[in-house]
Number of protein chains: 4
Amino acid sequence: MARPRSSDAHARILAATSELLEQTAVSELCIEEIAARAKVGKQTIYKWWAGKGELAMEAALANVEAHVHVEDTGDTRRDLQSFLKKSARLLRETSTGRTLTALMAQAQGDPEFLEDFRERFLEVRRGALRTLLRGGLKTGQLRRDFDLELFIDLVFGAYWYRMLTRRAPLDDRFAAELLEMLWPFVAARKKAAA
Amino acid sequence: MARPRSSDAHARILAATSELLEQTAVSELCIEEIAARAKVGKQTIYKWWAGKGELAMEAALANVEAHVHVEDTGDTRRDLQSFLKKSARLLRETSTGRTLTALMAQAQGDPEFLEDFRERFLEVRRGALRTLLRGGLKTGQLRRDFDLELFIDLVFGAYWYRMLTRRAPLDDRFAAELLEMLWPFVAARKKAAA
Amino acid sequence: MARPRSSDAHARILAATSELLEQTAVSELCIEEIAARAKVGKQTIYKWWAGKGELAMEAALANVEAHVHVEDTGDTRRDLQSFLKKSARLLRETSTGRTLTALMAQAQGDPEFLEDFRERFLEVRRGALRTLLRGGLKTGQLRRDFDLELFIDLVFGAYWYRMLTRRAPLDDRFAAELLEMLWPFVAARKKAAA
Amino acid sequence: MARPRSSDAHARILAATSELLEQTAVSELCIEEIAARAKVGKQTIYKWWAGKGELAMEAALANVEAHVHVEDTGDTRRDLQSFLKKSARLLRETSTGRTLTALMAQAQGDPEFLEDFRERFLEVRRGALRTLLRGGLKTGQLRRDFDLELFIDLVFGAYWYRMLTRRAPLDDRFAAELLEMLWPFVAARKKAAA
DNA sequence: CAATAAACGAGACGGTACGTCCCGTCTTCAG
DNA sequence: CTGAAGACGGGACGTACCGTCTCGTTTATTG
């Protein structure tokens, strides 16, 4: 019976938020500025989002493709390499990187936010990698006796550590070196097979 | 020629800050509350620290022993294990962990802060591990052909990833598993030598 | 198109200001206390008044009847006496007197405030007296050859001098003596007419 | 045995105060700026004066000759005219005028200050005028039947009113007109005697 | 197709904390 | 011991945003 939600306003709010999120921490987002940029009343924001956290999360993840497409060429090493390079590419794109680090930062002081962030981003990425690795296990390209989750921690840990500390670039070379370093450990011993 | 800085006030300010820092993000520290707790005028805080960042950094690092003592028993594996366990212990102590994640979060929106954090904490830890590993290289307990810095990224990456995402506890078991997973890769191949 | 100004808050602010103004100088008004007493955010005050001056002026003059009713019985001496007594009564009422001296004091260090005060209070009173005297001139009850403005200066000068220096009470007796002293000078010489 | 008070510092403090007093209200004097200008420690000021009031009073009155010299030529009208002109001259000199209005303003919110101001300035001037008028009474140049104090109120009232309201200049012409207006009232009726 | 009821833009409101200014007191050292 | 220097605890300043609350306007049904 009533006027329906304006998807236009909705979009403008998310756009304004994303824009600001590339430059500032979530907690330093200024709702009044978002409203002004989006030409929206403040109430319209509070109507649909509980606070900066929710808003930032939605704005940020709208820009990161929700589902990670994992190739499955049958060659686990190649697929893994491809995944690592794509991940590096995603993260090093400045705006995405800045935004993700902003989310991770926000999560440190806000347990609910962290929970949300894990479900909607971190676990999705872990899941993708896990699927990939399980494929390798099935085809016998990977050893059976290593802790898969710990391995995933190592991979994403290295990525996040570099991203958060700006220690070194997240480029293809890094992805390659990482694979080179870790591969021998997870790869099935071909020679033993031979 | 004037009255000297009050070391007492200085200490009270840092103590109040540490206390609050265990519960809140750096950017949500309330200077007025710090001043009130420390029974200090706000100006005394602004006189000596440029803002919440500087204050939080000093308060946090005052509680983390600046120098990491690295044992050198001659047995690199044992020393490494010991280092990893001590590190895990430091980080999982609630107050320290919370504080460090707060610093890392703050660093994400504040490049100068990050720079400072790297110099005063991250690089100190990296340096300790680097020294330890170089010892192993000298004594031939470690292979020569691996990228030392990348290895350090992997180690600290795993720690920070777990701490920041609260994915799993940073306990001695984690330290043990981590070593078990990574050791084969860096250890010199004794059997090959044999 | 937005929510309209709250006349309630407006009134509470003026009331709180008036209250404080009876006891303190304009420059010593504490905006924070006004806000607290009026149960109002400070910003609401700053939104509508530029500072203590404007606020005090409005609060003070709201309590002083803007227009002075000047009687016109046809008997100039009687009207003048009545005006002088009413003026004395107004000023010696403690709260009004304190408030007006506070405004006059403020005006000394603030030219714009003085200008405003003259227009909104001093000139209104002068105007009333001027009208009264001109009536007397028309009906021939007053001499034509005296400087009307100088006379007005003398009258109000005496009032303000006594009020500001607390030299003596501003009572009806004072008003009577003042008239008695000044009347002969402005009155038309009836005997000459006779 | 002790170092004596530095009359130099004392003078520099008063000088700095006078300087600032020409531009600002007493309550807006900034002790820290006075100390800086006078190259003096704040404590040295607090040591010798209780606050801005006392300091301003001393600084201001040091610049106004304490004793008013009243001429006595034997001609009361001439002496009165001379007194009025000298008074006008004193007050219209910008720095003195500003300073005196600042004192009068301060007195409005500070009873002790008012008391002091009356004793040290207002009553001195009243006394001078009173002496002058009594001389005229003795020599029969003035009527006996008028209220001397009320007359003094009228004179000083007119001066202060003009000065405080900046209504019109305090020039010699004003002094002349004032005398012309008031003289007939206080002068003995010579013609009646004749 | 008018009435109606939610969604909207605007922005005023009560409030919290900010970083600054200055207060009056204190603590040091130089002369 | 006086006096310059200036650190200290404290209080108010005027500003920036917060999240809530009215307003009048717009707009897609529903009666």
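Lettering of chains follows the sequences in order, A, B, ..., and the numbering in each one begins at 1. Note that the coordinates shown come from a computational prediction; the quantities given were computed from them, not determined experimentally.
For the segment residues 43-57 of chain A, residues with any heavy atom less than 4.0 angstrom from an atom of DNA chain F are, sorted by number, A:Gln43, A:Tyr46, A:Lys52. Within residues 10-31 of chain C, the residues approaching DNA chain F are C:Leu29, C:Cys30, C:Ile31, by heavy-atom distance under 4.0 Å.
We find that CZ of A:Arg37 is positioned 12 Å from P of F:dC17, with the value rounded to whole Å. Per the geometry, CD belonging to C:Glu32 stands 14 Å off C1' belonging to E:dG14, to the nearest Å.
The salt bridge (Lys or Arg N to Asp or Glu O under 4.0 Å) pairs that include a residue from residues 9-25 of chain C are C:Asp8-C:Arg12, C:Glu19-C:Arg37, where partners are two or more places apart or lie in different chains.
A distance of 12.5 Å separates NZ in B:Lys52 from CZ in B:Phe113, rounded to the nearest 0.5 Å. Between the CD atom in A:Gln23 and the OG atom in A:Ser95 there is a gap of 11.0 Å [rounded to 0.5 Å].
Using a 4.5 Å cut-off on side-chain heavy atoms (C-beta onward), D:Trp49 and D:Leu14 make contact.
More than 12 heavy atoms of other shown residues, nucleotides or ligands fall within 6.0 angstrom of atom CD in C:Glu115.
One cannot find a donor-acceptor pair under 3.5 Å joining the base of F:dC8 and the side-chain atoms of B:Arg3. At a cut-off of 3.5 angstrom, counting only N and O atoms as typed in the model, there is a donor on one side and an acceptor on the other between the side-chain of C:Lys42 and the base of F:dG14.
The residue among B:Lys39 and C:Ala2 whose nearest nucleotide of DNA chain F is located toward the 5' end is B:Lys39.
Between the side chain of B:Arg118 and the backbone N or O of A:Arg166, at least one donor-acceptor pair lies under 3.5 Å. Counting only distance, with no hydrogens or angles, the side chain of A:Glu28 and the backbone of A:Thr24 share no donor-acceptor pair below 3.5 Å.
Backbone-only engagement by C:Ala9 is indicated by non-hydrogen atom pairs under 4.0 Å involving sugar-phosphate atoms exclusively.
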Which is it for D:Met57 and D:Val26 under the side chain to side chain contact (heavy atoms under 4.5 Å, CB included) test, yes or no, and what are the steps along the way? CA-CA 9 Å; D:Met57 182 79 75; D:Val26 174; over 6 Å; no
